[in-house]
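Following: one structure in structure tokens, then a few remarks.
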Amino acid sequence: MILRIDDTDVERNTETSLNSIFDGLAWLDLGWDEQYKQSERLALHKQIAEAIFLKDLAYRDFTPPQAGEADKSGAQGTWLFNAGMRELTREESDRRAAAGEPFALRYRVPRDTVRSIHFTDAVYGEQSKSSADIEDFALLRSDGMPTYHLASCADDADLRISHIIRGQDHLTNTFKHVLIFEAAGVTPPTFAHLPLLVAPDGTKLSKRRHGPVVSVTTYRDAGFLPQAFVNFICLLGWSPKDDREKMSRQELVEVFSLEGVNRSNAVVNFSEQEPFDPKAVWLNAEYIRAQSPEEVCAELTPIVKNAGYDTAKLPQITLLVRERIRLLNEVLTVGDFFFEDELAPYDAAELIPKKGDAAMALRVLQRACEVLAVAEFTHDGLESSLRAAAGSLGIKAGQMFEPIRVAACGRKNAPPLFATLEVLGRETCLKRVAQATEKLKSI
RNA sequence: GGCGCUAUCGUCUAACGGUUAGGACGGAGCCCUCUCAAGGCUUAAAUACGGGUUCGAUUCCCGUUAGCGCUACCA
């Protein structure tokens with residue numbers, strides 16, 4: 001595995017975007033054996049370009065670069081080359097170059113005899129295109145820098161790349177690459193193009209338009225497990241054909257094949273409300289639940305620490321939140337009442353149980369206060385004393401538990417009551433029940 | 001405009017030319033239950049359209065439509 005940074009476009013290449021790539025690869029545990037930067041291999045690129053030029057398979061184009069965006073949707077015919085430049089005599093070309101006139105080096109695509117360029121794609125099958133439909137693409141820019149096409153082919157040849165696996169947006173560029181390999185006298189590698197990942201509106205995902213969605217670090221920072229994320233990504237455009245969904249890295253590697261890759265683009269289903277694909281979130285939850293409590297606790301620790309909370313009780317809390325969080329970061333929202341000293345403000349009406357009224361809630365809390373003061377503070381001890389209390393008050397257990405839960409957690413939906421109270425401890429529980437009682441009296 | 005690629009439930013996807021078109025996520029409902037979650041069960045939901053070929057097309061061919069990609073020195 002070779003990591004090659006394709007950075008021939010100096011303007012767009014930034015340190016931060018590069019770091020984001022490294023961070024993402026590290027998080028996903030994707031390693032490599034050799035590493036190169038194209039910008040450090042310019043001599044090789046120029047050498048290959050020179051060789052192609054010497055074979056007369058490329059020519060200098062002194063036409064100034066087109067200003068601004070070319071009109072691509074316009075009704076103009078297909079542009080193939082700039083008039084006059086292809087036919088320039090060698091002497092004329094050399095003279096203008098020697099005079100310091102800037103030029104781009106263009107590939108001289110066969111025109112007199114139209115021929116068919118073809119290659120076999122490991123995913124899309126046999127591909128062919130008439131040379132008459134391929135423009136004289138640039139090899140070198142007028143500043144002497146190689147284009148992506150030249151640089152990647154030169155490097156692929158030099159580094160003996162066996163497989164080029166890349167986005168389908170390069171499928172039609174591949175004909176140009178075949179031409180370059182041919183001119184360089186090199187056998188092309190195996191090509192495999194993968195379907196694109198697109199936004200719900202069908203357009204291809206781009207850094208500019210879909211910022212966070214395309215950055216791997218976004219998923220890391222949101223609390224995805226790397227294995228879950230890899231699993232999800234693998235299921236976009238490929239499937240094991242046997243209904244398996246949750247698969248380990250090992251299983252994925254064993255069963256993956258380029259032939260099994262789909263040819264149509266896959267939608268990453270995100271929106272403003274739901275920034276992550278629901279299936280990715282679900283898979284992540286599956287992975288969290290599949291981990292041991294110790295493993296989950298270890299994952300949660302830095303998150304809780306970062307939020308400025310004490311992690312002493314985290315092992316117990318983990319047991320209660322593990323099947324309630326889908327992203328690791330949700331520990332902070334699902335378990336907030338475990339960490340905060342003071343509960344976030346909540347509506348006193350929440351304390352009123354189903355089929356009950358404020359008076360019932362008040363009686364429950366007052367009794368709870370007495371019971372919690374003396375009960376054995378364990379799951380079973382709390383359960384038996386609170387159930388007994390409900391009985392003596394003549395109400396249903398649920399009606400007893402609900403006000404206490406809200407008093408302790410600040411909301412109706414929370415982990416199981418007795419375990420929660422046990423983790424919170426007698427002191428905190430009594431304090432919160434007392435606060436809830438006051439709250440109730442004020443309405 | 002030219003060239004190329006693609007087209008199965010909302011989304012990700014299965015289906016030697018012969019299936020009641022399957023699974024998963026999400027949705028709805030029920031069960032379980034101290035709430036939530038998890039779990040179990042049930043349910044709605046698709047072959048873009050039109051022609052062929054064939055005894056029989058989701059599947060093969062052609063066309064249409066739609067989407068995407070590339071298209072004068074981005075990658």
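Here A75(B) presents its C1' atom at 12 Å from CE of M145(A), a figure rounded to the nearest Å. Atom CZ of F137(A) and atom C1' of A75(B) are 15 Å apart (whole Å). A straight line from CZ of R111(A) to C1' of C3(B) spans 13 Å, rounded to a whole angstrom. What separates CZ of F270(A) from P of C12(B) is a distance of 13 Å, to the nearest Å. The distance from atom CZ of F191(A) to atom P of C5(B) is 16 Å, rounded to the nearest whole Å. Rounded to whole Å, atom C1' of A72(B) lies 17 Å from atom CZ of F103(A). The distance between atom CD of E126(A) and atom C1' of C5(B), rounded to the nearest whole Å, is 15 Å. Q38(A) places its CD atom 8 Å from the P atom of A75(B), with the value rounded to the nearest Å.
Applying the 4.0 Å criterion to OP1 and OP2 of G69(B), one finds that T172(A) has every side-chain N and O outside that range. Considering only side-chain N and O atoms, R263(A) lies nowhere under 4.0 angstrom from the phosphate OP1 or OP2 of C5(B). Contact check, N262(A) against A14(B): a side-chain N or O comes under 4.0 Å of OP1 or OP2.
Going from the P atom of A66(B) to that of U13(B) covers 24 Å, rounded to whole Å. Rounded to a whole angstrom, the distance from the P atom of U43(B) to that of U53(B) is 40 Å. Taking atom P on both A14(B) and G22(B), the two are 15 Å apart, rounded to the nearest angstrom. For the P atoms, the distance linking C49(B) with A7(B) amounts to 14 Å, nearest Å. For the C1' atoms, the distance from C34(B) to G10(B) is 36 Å, rounded to whole Å. Here, A24(B) and A44(B) have their P atoms 14 Å apart, quoted to the whole Å. Here, A45(B) and G23(B) have their P atoms 14 Å apart, quoted to the whole Å. Here, G40(B) and C55(B) have their C1' atoms 45 Å apart, quoted to the whole Å.
Shown are R106(A), R108(A), R111(A); of these, the side-chain hydrogen bond (donor to acceptor under 3.5 Å, both in side chains) with D136(A) is made only by R111(A). For the ring-ring contact (aromatic ring centres under 6.0 Å, His included) with H170(A), the qualifying choice from F191(A), Y148(A), Y124(A) is Y148(A), the only one to do so.
Base pairing of C41(B) is made with G29(B), judged by Watson-Crick or G-U wobble geometry with both donor-acceptor distances under 3.5 Å. When Watson-Crick and G-U wobble pairs are counted only if both distances are under 3.5 Å, G69(B) pairs with C3(B). Under the Watson-Crick or G-U wobble criterion, with both distances below 3.5 Å, U11(B) is paired with A24(B). Nucleotide C60(B) has G52(B) as its partner under the Watson-Crick or G-U criteria, with both atom distances under 3.5 Å.
A salt bridge links R41(A) with D158(A); the closest basic N to acidic carboxylate O contact falls under 4.0 Å. A salt bridge is absent between R289(A) and E323(A): the closest approach of a Lys/Arg side-chain nitrogen to an acidic carboxylate oxygen does not fall below 4.0 angstrom. Using a cutoff of 4.0 Å between basic side-chain nitrogens and carboxylate oxygens, D155(A) and K37(A) are not scored as salt-bridged.
Here A75(B) is the nucleotide among C5(B), A75(B), G2(B) with the atom lying nearest to any side-chain atom of T147(A). Side-chain proximity of K176(A) to the nucleotides G4(B), C12(B), U71(B) is greatest for U71(B). Side-chain atoms of R106(A) lie closest to A72(B) of the nucleotides A72(B), C74(B), C5(B). Among the nucleotides C12(B), C70(B), U6(B), the one closest to any side-chain atom of D169(A) is C70(B).
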Ignoring hydrogens and angles, write down the donor-acceptor pairs under 3.5 Å from the side chains of residues 363-370 of chain A, residues two or more places apart or on other chains.
unit_1  : atom_1 : unit_2  : atom_2 : d
R367(A) : NH1    : S392(A) : OG     : 2.5

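Closest non-hydrogen pair, Q399(A) versus K355(A), comes out as NE2-O, 3.2 Å. Shortest non-hydrogen contact noted between A407(A) and L351(A) is N-CD2, 3.7 Å.
Considering only heavy atoms from C-beta on, F175(A) stays 4.5 Å or farther from D133(A) through its side chain. Using a 4.5 Å heavy-atom cutoff, the side chains of T218(A) and V213(A) are not in contact.
Within 4.0 Å (heavy atoms only), H170(A) reaches at least one base atom of the nucleic acid. Within 4.0 Å (heavy atoms only), N173(A) reaches at least one base atom of the nucleic acid. Contact annotation for D136(A): no contact, since no heavy-atom pair falls under 4.0 Å across all strands.
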What one-letter contact string describes nucleotides 62-68 of chain B from 5' to 3', where B marks a base within less than 4.0 Å of any protein heavy atom, S marks contact via sugar-phosphate atoms alone, and - marks no contact? ------S
I'd like to compare against my own output: the B/S/- annotation of nucleotides 22-39 of chain B with a strict under-4.0 Å heavy-atom distance to protein. BBBS--------BBBBSS
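Between the side chain of S142(A) and the base of C73(B), at least one donor-acceptor pair of N or O atoms lies under 3.5 Å.
Both D143(A) and D133(A) lie close to RNA chain B; mapped to their nearest nucleotides by heavy-atom distance, the more 5′-ward contact belongs to D133(A).
Side-chain atoms of T190(A) do not come within 3.5 Å of backbone N or O of H163(A) as any donor-acceptor pair.
Between T174(A) and H193(A), the side chains place a donor N or O and an acceptor N or O closer than 3.5 Å (distance only, hydrogens not considered).
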